[in-house]
Amino acid sequence: MNYLKVRASYGLTGSNELNGNYGYIAGIGTSNYVFGGSLVPGKYVSSLGNNLLTWEENKQLDLGIDLGFFNDRIYLMYDYYQKKTDGMLYQIDVPVASGFWNYTANMGNYKSWGHEITVQSRNLTGDFRWTTNLNFTFNRNKVTKLGTNDTPNGGYSNQEDFNRLQVGEPIGIFMGYVFDGVYMTEEEINSQPKYASSEIGTARMKDMDGNKVIDANDRVKIGDPNPDVLYGLTNEFAWKDFDLSILLQGQIGGDIINSNYEHTLNIDGCFNVLRTVADRWRSPENPGNGEVPRTKNGTTDLFRFNNSSWVYDATYLAVKNITLGYTLPIKANQYLSKLRIYLTAQQLAVFTKYPGMNPEVAQNEVMGWRGLGVDRTTYPVPRTFSIGCNITF
């Protein structure tokens with residue numbers, strides 16, 4: 001060992017990013033009003049205020065250590081962080097009879113913690129040079145308090161409202177039914193728990209509360225968009241006037257919910273559908289693949305609700321960038337000192353079991369958790385090839 005450094009820090013910060021300035025004050029808007037038989041300009045309360053509103057408060061501890069070995073041929077950096085957020089800001093829904101949709105409040109607390117590890121190495125240092133940079137990130141989080149009675153937030157409706165905040169769970173878990181195939185025969189539909197519109201050949205969900213009826217109370221946690229590990233690997237090579245760099249990036253764990261299935265499996269709608277729909281249930285003699293129900297009017301709504309058949313493992317490995325360069329050996333002169341040409345390929349390949357267009361789904365909306373891990377036809381990262389040159393004068 002030739003290098004050792006220990007680092008530590010603690011900080012307390014505030015944030016009002018969601019609320020903005022003056023959110024604790026009721027908003028005033030302008031509108032016209034008929035007064036004394038004449039149209040006159042007036043004012044009205046356009047948004048509710050909250051005089052108890054405060055900023056979010058973040059308390060964060062960071063600990064780290066840097067180690068160098070063999071004259072820095074191998075360099076190791078390790079960091080641990082722990083962050084606690086008190087007074088999360090969120091728009092709380094209120095009865096529309098009040099004349100308003102919602103108001104901003106401090107609704108809960110959560111904590112996050114994790115480990116970050118980076119290893120840098122100079123593997124070869126002669127005529128042929130090779131360096132490696134490898135990093136891993138392990139992030140975890142948990143909701144610890146919500147409002148005054150820890151009532152879960154989000155994930156209540158059967159469509160669009162996928163994510164939930166729930167005490168004891170990570171941020172943004174997916175809520176929905178547990179898909180259990182199709183009622184293939186009359187015997188199955190008569191002997192098993194059913195939804196209000198269930199018939200033979202319709203989608204079957206699991207009875208999670210054991211009351212022999214399929215209803216909203218059977219919706220449970222069906223996925224977690226938070227990855228277990230994020231990682232990246234860069235290798236750089238150089239030999240004489242040639243250079244080559246390869247960047248890999250990916251994640252392990254976490255889930256994606258493909259919300260496009262609400263439409264692409266909608267067999268009584270007006271949309272293009274997936275090829276698998278052709279193998280749907282048609283009759284007891286022609287039951288299809290057991291995964292796609294019939295098309296009878298009034299019986300297909302349950303299949304379009306959030307369910308576990310939409311959830312996939314988000315693990316992937318992407319070849320993000322490969323660049324090959326060559327520096328031309330030129331004689332230095334008063335005009336030109338260096339010329340390098342290069343060929344680059346970006347997003348060359350992605351290895352994943354996710355059947356959608358892009359496993360790198362990270363839609364962040366309000367508070368960064370609504371839409372987390374939800375694929376709403378997320379545009380794929382394009383594969384790009386380019387050639388260029390760097391000229392130094």
Side-chain angles (χ1 to χ4, degrees), residues 1-5 7 64-79 114-139 227-254 314-354 356-362 378-393:
M1 183 187 300
N2 61 279
Y3 183 84
L4 171 63
K5 181 180 181 179
R7 296 174 279 104
I65 186 171
D66 299 342
L67 299 169
F69 301 93
F70 310 112
N71 292 323
D72 287 341
R73 287 285 296 273
I74 300 177
Y75 198 79
L76 171 66
M77 292 174 285
Y78 168 77
D79 288 273
H115 310 269
E116 299 177 357
I117 302 172
T118 299
V119 179
Q120 299 174 346
S121 64
R122 291 185 293 153
N123 308 313
L124 298 173
T125 58
D127 292 336
F128 181 74
R129 300 178 299 281
W130 172 24
T131 62
T132 299
N133 190 316
L134 175 65
N135 60 79
F136 293 96
T137 301
F138 305 83
N139 294 320
D228 297 326
V229 184
L230 298 171
Y231 64 91
L233 174 64
T234 302
N235 279 292
E236 295 182 342
F237 307 89
W239 179 70
K240 294 185 177 180
D241 296 320
F242 290 93
D243 61 88
L244 173 68
S245 67
I246 303 173
L247 170 61
L248 307 179
Q249 175 189 308
Q251 77 175 48
I252 300 173
T315 299
Y316 75 91
L317 169 63
V319 183
K320 279 294 185 181
N321 184 287
I322 296 180
T323 298
L324 175 64
Y326 177 69
T327 301
L328 275 68
I330 60 176
K331 295 181 179 180
N333 56 64
Q334 59 178 329
Y335 304 108
L336 187 65
S337 61
K338 186 177 181 181
L339 175 62
R340 175 179 174 268
I341 60 174
Y342 63 88
L343 176 65
T344 296
Q346 296 179 328
Q347 199 75 1
L348 185 62
V350 179
F351 303 95
T352 180
K353 293 183 178 180
Y354 178 57
M357 293 188 292
N358 183 9
E360 300 179 63
V361 176
T378 304
Y379 197 80
V381 180
R383 181 179 297 117
T384 305
F385 299 92
S386 59
I387 187 170
C389 64
N390 298 323
I391 304 174
T392 304
F393 296 96

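Everything numeric in this text was worked out from a predicted model, so none of it was measured.
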- Message: Are L67 and L4 packed together at the side-chain level, in the sense that at least one heavy-atom pair is separated by less than 4.5 angstrom?
- Response: yes
- Message: Y78: which residues meet the side chain to side chain contact (heavy atoms under 4.5 Å, CB included) condition with it, sequence neighbours left out?
- Response: I65, Y80, H115, I117
- Task: Quick one: pull up CG in N139 and CD in E116 and give me the separation to the nearest 0.5 Å.
- Result: 6.5 Å
Table please: side-chain donor-acceptor pairs of residues 382-393 below 3.5 Å, with sequence neighbours left out.
| residue | atom | partner | partner atom | Å |
| --- | --- | --- | --- | --- |
| R383 | NE | Q347 | O | 3.4 |
| R383 | NE | L348 | O | 2.8 |
| R383 | NH2 | L348 | O | 3.3 |

- Item | Distance, nearest 0.5 Å, that separates CD1 of I322 from CG of L343 | 10.0 Å
- Task: Decide side-chain contact (heavy atoms from CB on, under 4.5 Å) for L248 and I246; before the verdict, give the C-alpha distance in whole Å, the side-chain angles of both, and the deciding distance to 0.1 Å.
- Result: CA-CA 7 Å; L248 307 179; I246 303 173; 4.2 Å; yes
- Calculate, to the nearest 0.5 Å, the distance between atoms OH and CG belonging to Y326 and D243 respectively. 11.5 Å
- Query: By side-chain hydrogen bond (donor to acceptor under 3.5 Å, both in side chains), which residues pair with T131, not counting sequence neighbours?
  - Reply: none
- Let me see the working for V319 and F351 under side-chain contact (heavy atoms from CB on, under 4.5 Å), right down to the final yes or no. CA-CA 9 Å; V319 183; F351 303 95; 4.2 Å; yes
Using atom types as modelled, flag every donor-acceptor pair under 3.5 Å from a side chain in residues 228-236 to any protein atom, sequence neighbours excluded.
| residue | atom | partner | partner atom | Å |
| --- | --- | --- | --- | --- |
| Y231 | OH | Y316 | O | 3.4 |
| N235 | OD1 | W130 | NE1 | 2.8 |
| N235 | OD1 | T132 | OG1 | 2.6 |

- Query: Restricting to pairs with a member in residues 64-75, which pass side chain to side chain donor-acceptor pair (under 3.5 Å), not counting sequence neighbours?
  - Reply: N2-D72, R7-D66
- Item | Heavy-atom pair with the smallest gap, counting every atom of R122 and T125 | CB-CG2, 4.1 Å
- Report the residues that fulfil ring-ring contact (aromatic ring centres under 6.0 Å, His included) with Y354, sequence neighbours left out, ordered by chain and then residue number. Y312
- If every non-hydrogen atom of K240 is compared with every non-hydrogen atom of R129, which pair is closest and at what distance? O-NH2, 4.5 Å
- Give a yes or no on this: more than 12 heavy atoms of other residues, nucleotides or ligands lie within 6.0 Å of atom OH of Y3. yes
- Message: Given P359, which partner from the list T315, L317, V350 fulfils the side-chain contact (heavy atoms from CB on, under 4.5 Å) test?
- Response: V350
- Item | Side-chain H-bond candidate by donor/acceptor type, N321 with T323, under 3.5 Å | yes
